[in-house]
Each structure stands twice: as C-alpha cells, then as structure tokens.
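Beneath this line is the structure, given in structure tokens, with notes to follow.
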Protein chains: 2
Amino acid sequence: MSTAKTRHHHGDLKRALIQAGIDLLEEGGLEALSLRKCAARAGVSHAAPAHHFAGLPGLITAIAEEGFDIFSKYMTDAINAGEQTDRERLRGICRGYLQFGLSHSGLLKVMFGEHGLGVHAPRSDNREEAEAYLILRGVCAPFVPEGEDPHIVEAQVWSLIHGFTLLYLGGEFGCTDAPIEDSPFEAVMALIDRIGTQATG
Amino acid sequence: MSTAKTRHHHGDLKRALIQAGIDLLEEGGLEALSLRKCAARAGVSHAAPAHHFAGLPGLITAIAEEGFDIFSKYMTDAINAGEQTDRERLRGICRGYLQFGLSHSGLLKVMFGEHGLGVHAPRSDNREEAEAYLILRGVCAPFVPEGEDPHIVEAQVWSLIHGFTLLYLGGEFGCTDAPIEDSPFEAVMALIDRIGTQATG
DNA sequence: ACTCAATTTTGACACTGTAAAGTTAATCTT
DNA sequence: AAGATTAACTTTACAGTGTCAAAATTGAGT
C-alpha cells in the first residue's frame, strides 16, 4: 500500500505533471501553461491529469504549493547568507523575496495571482504557505514592541517587499536591467530600517 | 472627418467594446473577460473587435487605460476629502488606492497584472498611467529631502500601499470582511507616517 | 452614379478545459 | 491461483476561446 511509488502505469504522474507545469511556466509565462501541454510533456493523454487534480485550478494550486517551498528556501538562504543581526536578517528576507521574484516570476504570479487562490479557497490551511509566513514571523519578531500584535510589523514588512517586488517585476520603476543596487530597492530597505523605531520630526 | 463620432455602422464600437469589457470584468473577474463576449454584448459579430484592438491584449490595454482614469479619480477624491495637511494628503492617497482596489479589483488586476502591460509594452508613454503617477508625485513631494531624488519617497509609498492592497485583496490578511479600521491598514499607515522623518532608537 | 476604403460578417482553424464512456493494468478477495 | 474490483489512463466528443482570410455591407467623396 505504498502511497505514491511506482504504482500503476506511469510511476508518479502527479509529480511529473507538476514539474511539467513549472517548466512551462518558467519558459513561457502564465500564458504557456495548459493542462494539455503538461499532459503531453508527461507523455500521457490530455485527459489523464483530471484524475490527479481538480482541473486546471487544481494543478495551479499544486504548482503554487511547490512554489512556496522554493520561495521559503530563497528567504532562508538570503537570511543565513548575511550578518546575523536582527536588522540584517530583516533585510535578508527582503533580498530573498526579491530574488525569488526575479528568478521565478511565473511562480510568484501563480502563488499570489488570480488562481493562486485568494478567492478560490481559504489560504489558511496550506502547509507550504504557512511555513513561508513563519519565516517572516521569525524575522519580524525582534521588532515587535512588547505586548503588541506581531501582525502589525509583519503586515508592514510584507506589504512593502511584496509591493516593491511586483512593481519592479512589472517594470514600473523603469529599471529592470540595471543592477539591483541602483534601483529603488535600497530606498525601500531604508524604510525597512525604520521599522521598530520611533519617529522624531 | 470627425474622429470618433457616429461613423459607419455601430456608432462607436470601440467605446462599446471597452465598456462591455469593464462590465464583464466587474461581474465575473478576469476569467469572464473574452473578446467574443464583448462583441456579443456590443451586438456585433465575434471578429469585429479585431479592427479596433490588437487582439485581446489590445482590448485589455484599453481597459487598463480606462482603469487608470478611474483610479486617478479615486485618489484625488480621497486626497481632497481629508484634512489638507501634507501628512493627511499622503494618508488620503493610500486610502484612495485601497478603496479603488476594493471597488474595482478586476480593473486593478488588469492594470498591473499579467497582460496589463509590464512585459508586453513599455509603460512610460501611457497618458493615463502617467497622470496617476503625477498625483502620487505631488503628494510625496513635501516629504522629499532637499536635493534628493523624489523617486525614493515615491517608491516607498507606492510599494507599501500597492503591496498592502494586493495582499488584502488576496485575502492574505484573513480579514476581507471586517471594517478597514480593524485590518492591518492602520499599521501600514503608521509606517507611512514615518516617511520623511528620522529614525531614533 | 461610381469608386473606394473603412467596417463588419462569415467561415474556418487550432487551440483550450471538461465530461462521459471505454480500456487497460494492478490490487484485493476468496 | 482465479475472478472481481478499483484505480489509472485513453478515446471520443463538445462547448468555448483567439485569430486569420475572404466575402459582404455600409458610408462618404468625387
């Protein structure tokens, strides 16, 4: 009664379909992703995926979960790469966030976009996304004033880096090719540096 | 040689198609938007739109432009509604940004999303978007330190409110139905209040 | 009235997702 | 071990989609 090992025909088609979907996504963006193409790449007929996913939205959800795993890896790597001070860890997670977006824009769109979920299903009970959020929570914790709701700082950091990443990816800052250091990224980091401080004048 | 008045058959089909598209978008989200349905609503055959737009991306671009007009209106209204201090105007534009997103999420997705443009075409030479950006610029101006690049403050404000709006719309804060005052919106506004100040401690 | 170009329609094609029914292969039961 | 059962997959079919090419229609200019 093995759960997903070399079962009936294909071996594990589910995995193959998800991987094909990710490849398609990274090669040609969201437009290039289709159930039938995934099936073709996995070497099965076009209706086979129906037995593993709830249609296209189901496949996209599975891809998004996979995306959150990679996303988490980017963030922890960036955190660990820098100085191990509270402030540098906070900056680090932002760098990881942006770098993930730059390297996997298709995944990012799928994770937070139209289908990702959001409307279609409650995000709460999603292991992968919850894990990513816990990383954010850990990094933000040192900046949460005693007795205050941690969600406040988390919302500030998340909104800022999420917004920047999406605008940057959309070319809204008009500098998609320039080195990151020259972009408004440092400006956003300067605002990050003000989190958990008190304003004066 | 009038440019767009009661010309040949339909009157001005272009306008009707854009309006149909906006309606579709607000009724059923992005999924519900299709060239053929727009054509049907405008009472023409399915291939008629081809002569007014460069395919579906072209129609979406036109809808996005219309969206930026409405967007600008939301922001200026919110700015003018509040106290006329620099700080309150800054808060006002954020309120307008969020309220537009809440009322017209489909438009927002089209404006900044996959097709909106971003990749497909350079955003710079877009009258409607440029106008929206100028509103942001005007509100940010009082907070730009002398001799510094205004883009810095603009990127900070834009990233923050854009990210918050998208995350909020995606249900990421888990409070889509609660009153805005209870949401992390106030937290984000607290960070906005720190723009143009100096950190201490 | 004739011409002509812009506008719209018709028809077709290659895709898409999805559902239903049929086929094959592995597991379970006895 | 043999038959029954179920899961995985294929085949077929249908309703949509965007897009193209060729025809038909319409409005305006001469």
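The distance from atom CD1 of B:Ile60 to atom P of D:dT17 is 14 Å, rounded to the nearest whole Å. A straight line from CD of A:Glu31 to P of C:dC15 spans 16 Å, rounded to a whole angstrom. Counting to the nearest Å, the P atom of D:dG18 and the CZ atom of B:Phe53 are 13 Å from each other.
Across all strands, A:Lys37 comes closer than 4.0 Å only to sugar-phosphate atoms, never to a base (heavy-atom distances).
Ion pairing of B:Glu88 with B:Arg95 is present here, as a side-chain N (NZ or NE/NH1/NH2) and a carboxylate O approach within less than 4.0 Å. With respect to the salt-bridge test (charged N to carboxylate O, under 4.0 angstrom), the residues B:Glu131 and B:Arg137 do not qualify. Salt bridge annotation for A:Arg127-A:Asp69: present, with a cationic side-chain nitrogen under 4.0 angstrom from a carboxylate oxygen.
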Only distances under 3.5 Å count here; give the side-chain donor-acceptor pairs of residues 16-29 of chain B to other protein atoms, sequence neighbours excluded, each with its distance to 0.1 Å.
unit_1, atom_1, unit_2, atom_2, d
B:Gln19, NE2, B:Asp23, OD1, 3.1
B:Glu27, OE1, B:Arg41, NH2, 2.8
B:Glu27, OE2, B:Arg41, NH1, 3.2

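Judged by distance alone, with hydrogens and angles left aside, the side-chain atoms of A:Asp12 form no donor-acceptor pair with the main-chain N or O of A:Lys14 at under 3.5 Å.
Looking at B:Ile63 and B:Glu66, their side chains never come closer than 4.5 Å, going by heavy atoms from C-beta outward.
If you check residues 15-24 of chain B against DNA chain C, you find no residue with a heavy atom closer than 4.0 Å.
Ring orientation note: the planes of B:His162 and B:Phe112 are nearly perpendicular, at an angle over 60° on the 30°/60° scale.
Looking at B:Glu172 and A:Tyr133, their side chains never bring a donor and an acceptor atom within 3.5 Å of each other.
Nearer to the 5' terminus of DNA chain D, by closest-nucleotide assignment, is the contact made by A:His52 (compared with the other of A:His52 and B:Ser34). Mapping A:Leu33 and A:His51 onto DNA chain C by nearest heavy atom places A:Leu33 at the nucleotide closer to the 5' end.
In this model, the phosphate group of D:dC9 is not approached by any side-chain N or O of A:Ser45 to a distance below 4.0 Å at OP1 or OP2.
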Show each protein N/O and nucleotides 19-21 of chain D N/O combination with a separation under 3.5 Å, one pair to a line.
unit_1, atom_1, unit_2, atom_2, d
D:dT19, OP2, B:Leu56, N, 3.0
D:dT19, O4, B:Arg36, NH1, 3.3

